[in-house]
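Worth knowing before you read on, the calculation uses all heavy atoms, side chains too, and leaves out hydrogens, waters and symmetry mates. Note on naming: letters A, B, ... go to the chains in the order of the sequence lines (proteins, then strands), and numbering restarts at 1 for each one.
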Amino acid sequence: MIQLVRGFRDILPPETSVWQYVESIAKEHFENFGFREMRPPVLEQAALFQRSIGEHTDIVEKEMYTFAGSKDTMLTLRPEATASVVRAYIQHKLYSVDPICKFYTIGPMFRKERPQKGRYRQFHQINAEVFGVDSPYMDAQLIFMLMTYFARLSITGLRAHLNSLGCPECRPAFRQNLSDMLSARTEKLCEDCVRRLDKNPLRVLDCKKESCREAVADAPSMIDFLCGDCKRHFAAVQSVLDRMDVPFEIDTGLVRGLDYYTRTAFEIQTEELGAQNAVAGGGRYDNLVEMLGGPSQPAIGFAVGVDRLVELVEAKFPAFDAGPDVFFVPMGDAAMEMVAQWVCRLADAGIRTEADFSGRSLKALMRRADRMEAKNVLIVGDKEIAENEAVLRNMKTRDQVGVPMDRLVDTVREKVAREEF
RNA sequence: GUGGGUGUAGCUCAGUCGGCAGAGCACCAGGUUGUGGCCCUGGGGGUCAUGGGUUCAAGUCCCAUCACUCACCCCA
């Protein structure tokens with residue numbers, strides 16, 4: 001038998017109801033903050049990601065699903081959403097009506113990594129992006145929106161980590177300084193960090209190895225190198241968060257993996273997901289729009305890892321699925337014929353309905369109704385047909401009442417809607 | 001890409017020294033002729049991941065492959 005592809009997975013019920021829940025709350029919550037949904041395609045020209053994420057990042061170097069399209073263009077299954085949203089913002093000149101645009105998008109991303117807990121080759125993100133606003137208030141608002149979103153899902157134990165990565169004015173000096181310092185003590189660094197040193201020395205700051213942590217213990221932090229504008233921006237973000245009682249910690253080791261980030265970088269972490277502790281991450285990318293050929297417009301955004309979020313929600317609420325409101329139990333051919341119509345009418349009237357036409361014993365059908373956690377069972381047999389009254393049984397209270405067959409659909413609908421039965 | 005762990009019923013797993021393939025849960029039926037949960041009785045269900053090797057005999061030992069899983073790298 002043909003099995004699914006490594007790193008990909010089927011999301012099955014009842015887990016899918018958690019996904020629906022998580023997504024619906026996100027839509028409602030983000031729209032309250034003025035965000036509107038955008039649905040870019042999952043396939044883009046490879047060049048879009050090479051230019052935005054950065055040629056020398058791991059994503060571009062080894063993790064993208066890239067293949068030849070028609071003509072000479074290479075196509076890529078998107079490894080992240082931001083680049084596509086920026087591309088759409090530029091391509092449709094969305095800035096021309098109002099440069100300030102706020103979008104969210106929900107969908108699958110693809111990265112060819114080795115799968116492990118909380119990491120899949122097809123994974124899902126909820127992204128939010130804001131264009132045309134450079135105010136630190138927007139940074140704070142986004143983080144606030146994220147934290148209150150998680151609160152709405154009753155997720156606890158999350159920590160917001162905050163850092164500033166500076167801008168093209170001040171980052172080079174820091175990078176140089178750090179690079180010089182680390183080059184002088186390469187013998188203390190692990191193999192990976194020596195490699196990072198010339199690719200991206202900032203990454204050495206968040207190496208988990210003990211020896212490397214010691215080596216960078218007295219390293220300068222970006223925050224000390226921030227230029228005046230970046231410093232004021234970062235301070236403003238913090239003071240707004242303080243005023244709104246959003247707890248956060250400054251994490252000078254927080255370095256985002258994508259090249260396009262500037263200034264504010266943040267990550268929401270949890271202890272409960274093994275090695276993959278980031279449940280959301282994001283930051284400013286004030287130069288990306290222009291880099292990709294658009295007008296000079298600042299921007300900021302974040303991505304929520306839905307797969308990881310769903311895991312957290314499931315750990316908190318193991319049982320999520322509701323059984324049917326009414327489960328029809330027809331006994332005999334005549335009953336089945338009538339039930340066949342009623343089940344459709346009731347479902348169409350907005351009642352969760354189920355029926356069993358297997359012809360098995362009443363006991364077997366009652367057991368099935370019980371296992372499905374049906375709230376009510378509607379029994380129809382020869383006796384009921386003779387008396388022109390179906391039996392409606394409340395599975396919890398075990399109460400039973402007769403329901404006249406000629407007004408069955410309306411009567412049952414009203415009773416169930418009023419939760420009388 | 002690198003390293004560790006695990007592959008036996010739908011699920012969770014036992015299987016001793018190499019000697020008939022097992023349990024619990026789940027499923028089906030009956031006990032109760034038309035009433036679920038608890039209890040009792042019975043039943044169905046297996047390419048022991050795959051391929052090869054050793055052996056009179058392999059779920060068990062050896063080799064290879066594949067899959068899953070955790071971790072590293074990196075990220076959501």
Side-chain angles (χ1 to χ4, degrees), chain A residues 1 3-9 53-54 56-64 78-82 106-128 146 190-193 195-196 199-200 203 206-209 254-258 261 266-270 273-283 301-312 323 327 329-332 335 356 358 360-385 391-400:
Chain A
M1 100 139 250
Q3 300 214 351
L4 87 185
V5 178
R6 177 193 205 113
F8 289 67
R9 59 179 180 149
I53 298 170
H56 299 293
T57 57
D58 278 18
I59 294 177
V60 171
E61 275 182 356
K62 56 183 196 193
E63 295 174 1
M64 297 204 305
R78 63 178 181 192
E80 58 119 28
T82 302
I106 303 177
M109 311 294 156
F110 305 85
R111 291 183 201 172
K112 200 171 179 176
E113 300 174 276
R114 192 78 174 260
Q116 69 183 74
K117 186 177 174 64
R119 170 188 296 161
Y120 308 95
R121 289 183 170 182
Q122 174 179 330
F123 60 102
H124 302 77
Q125 291 187 337
I126 302 173
N127 277 75
L146 247 185
C190 69
E191 209 178 302
D192 290 320
C193 282
R195 186 172 46 81
R196 289 182 181 118
K199 250 174 65 178
N200 186 354
R203 295 232 69 99
D206 68 352
C207 183
K208 287 164 190 152
K209 293 205 174 66
L254 178 62
V255 182
R256 318 256 49 237
L258 290 65
Y261 283 112
F266 55 93
E267 205 166 270
I268 314 298
Q269 300 180 0
T270 173
L273 290 177
Q276 264 53 52
N277 60 358
V279 106
F302 64 73
V304 177
V306 184
D307 306 70
R308 294 175 186 179
L309 182 56
V310 164
E311 246 191 89
L312 292 176
F327 187 101
V329 176
M331 307 292 293
D356 190 317
S358 66
R360 292 191 299 154
S361 70
L362 176 59
K363 175 180 174 150
L365 270 43
M366 289 299 291
R367 280 217 315 147
R368 178 151 184 256
D370 184 52
R371 275 202 318 275
M372 292 179 83
E373 295 179 322
K375 296 183 183 66
N376 305 281
V377 162
L378 216 126
I379 302 167
V380 187
D382 292 342
K383 200 171 88 188
E384 286 72 23
I385 293 173
V391 173
L392 181 62
R393 176 185 178 87
N394 182 313
M395 292 295 275
K396 197 168 173 185
T397 64
R398 310 179 76 161
D399 294 331
Q400 294 193 171

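- B:C28 and B:G36 have their P atoms separated by 14 Å, with the value rounded to a whole Å.
- Under a 4.0 Å N-O distance rule, the pair A:R368/A:D356 qualifies as a salt bridge.
- Listed by chain and number, the residues in a salt bridge (charged side-chain N to carboxylate O under 4.0 Å, His left out) with A:D58 are A:K62, A:K199 (sequence neighbours excluded).
- Applying the side-chain hydrogen bond (donor to acceptor under 3.5 Å, both in side chains) criterion to A:R9, with sequence neighbours excluded, gives A:D307.
- A salt bridge links A:E311 with A:K117; the closest basic N to acidic carboxylate O contact falls under 4.0 Å.
- Taking the P atom of each, B:G43 and B:A49 are spaced 27 Å apart, rounded to whole Å.
- Judged by atom type and distance alone, A:Q269 does not reach the base of B:A76 through any side-chain donor-acceptor pair under 3.5 Å.
- A:Q122 pairs by the side-chain hydrogen bond (donor to acceptor under 3.5 Å, both in side chains) definition with A:H124, not counting sequence neighbours.
- Taking only side-chain atoms of A:K117, from C-beta outward, the nucleotide of B:A71, B:G34, B:G36 with the closest atom is B:A71.
- Residue side chain A:R119 does not reach the base of B:C70 through any donor-acceptor N/O pair under 3.5 Å, judged by distance alone.
- Side-chain to base pairing of A:R114 with B:U2: one donor and one acceptor N or O lie within less than 3.5 Å of each other.
- Atom P of B:A58 sits at a distance of 13 Å from the matching atom of B:G52, rounded to the whole Å.
- For the pair A:E384 CD and B:U35 P, the computed distance is 12 Å after rounding to whole Å.
- Note on A:A369: nothing from the nucleic acid sits closer than 4.0 angstrom, heavy atoms only.
- Counting heavy atoms of neighbouring residues, nucleotides and ligands inside a 6.0 Å radius, atom CD of A:E61 exceeds 12 of them.
- As a whole-Å value, the separation of A:M64 CE from B:C75 P is 14 Å.
- Between A:R6 and B:A67 there is a side-chain N or O to OP1 or OP2 distance below 4.0 Å.
- Taking atom OH on A:Y120 and atom P on B:C74, their separation rounds to 21 Å, with Å as the unit.
- Where A:G281 and A:L362 each meet RNA chain B at their nearest nucleotide, the meeting point lying more 5' is that of A:L362.
- Looking only at atom types and distance, the side chain of A:Q276 has a donor-acceptor partner in the side chain of A:Q116 under 3.5 Å away.
- Among residues two or more places apart in sequence or in another chain, the side-chain hydrogen bond (donor to acceptor under 3.5 Å, both in side chains) test is passed with A:E384 by none.
- As a whole-Å value, the separation of A:R9 CZ from B:U69 C1' is 14 Å.
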Restricting both atoms to N or O, compile the protein contacts to nucleotides 28-32 of chain B shorter than 3.5 Å, with distance only.
residue	atom	partner	partner atom	Å
B:C28	OP2	A:R367	NH2	3.1
B:C28	O3'	A:R360	NH1	3.4
B:A29	OP1	A:R360	NH1	3.1
B:A29	OP2	A:R360	NH1	3.4
B:G31	N7	A:K363	NZ	3.4
B:G31	O6	A:K363	NZ	3.4

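- Closest to the side chain of A:R393, out of B:A76, B:C74, B:G36, is B:G36.
- When the salt bridge (charged side-chain N to carboxylate O under 4.0 Å, His left out) test is applied to A:K383, no partner is found at least two apart in sequence or on another chain.
- In this structure, A:D307 and A:V380 both approach RNA chain B, and ranking their closest nucleotides by distance from the 5' end singles out A:V380.
- In this entry the distance linking CE of A:M109 with C1' of B:C75 reads 13 Å, nearest Å.
- One interatomic measurement links the two molecules: CG of A:D399 to C1' of B:U35, which rounds to 14 Å at whole-angstrom precision.
- Within 4.0 Å (heavy atoms only), A:G118 reaches at least one base atom of the nucleic acid.
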Pairing annotation in dot-bracket form, given for RNA chain B with Watson-Crick or G-U pairs under 3.5 Å and | for cross-strand partners:
(((((((..((((.....[..)))).(((((.......))))).....(((((..]....))))))))))))....
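- Legend: residues meeting salt bridge (charged side-chain N to carboxylate O under 4.0 Å, His left out) with A:E113, ordered by chain and number and at least two apart, are A:R119.
- When distances are taken from the side chain of A:Q116 to each of B:G37, B:C72, B:A76, the shortest belongs to B:C72.
- Of the candidate nucleotides B:G36, B:U35, B:C75, B:C75 has the atom nearest to the side chain of A:R111.
- Going from atom CD of A:E267 over to atom P of B:A76 covers 7 Å, rounded to whole Å.
- Atom CD1 of A:I268 and atom P of B:A76 are 12 Å apart (whole Å).
- A:E80 comes within 4.0 angstrom of nothing in the nucleic acid, heavy atoms only.
- With sequence neighbours left out, the salt bridge (charged side-chain N to carboxylate O under 4.0 Å, His left out) criterion links A:R121 to no other residue.
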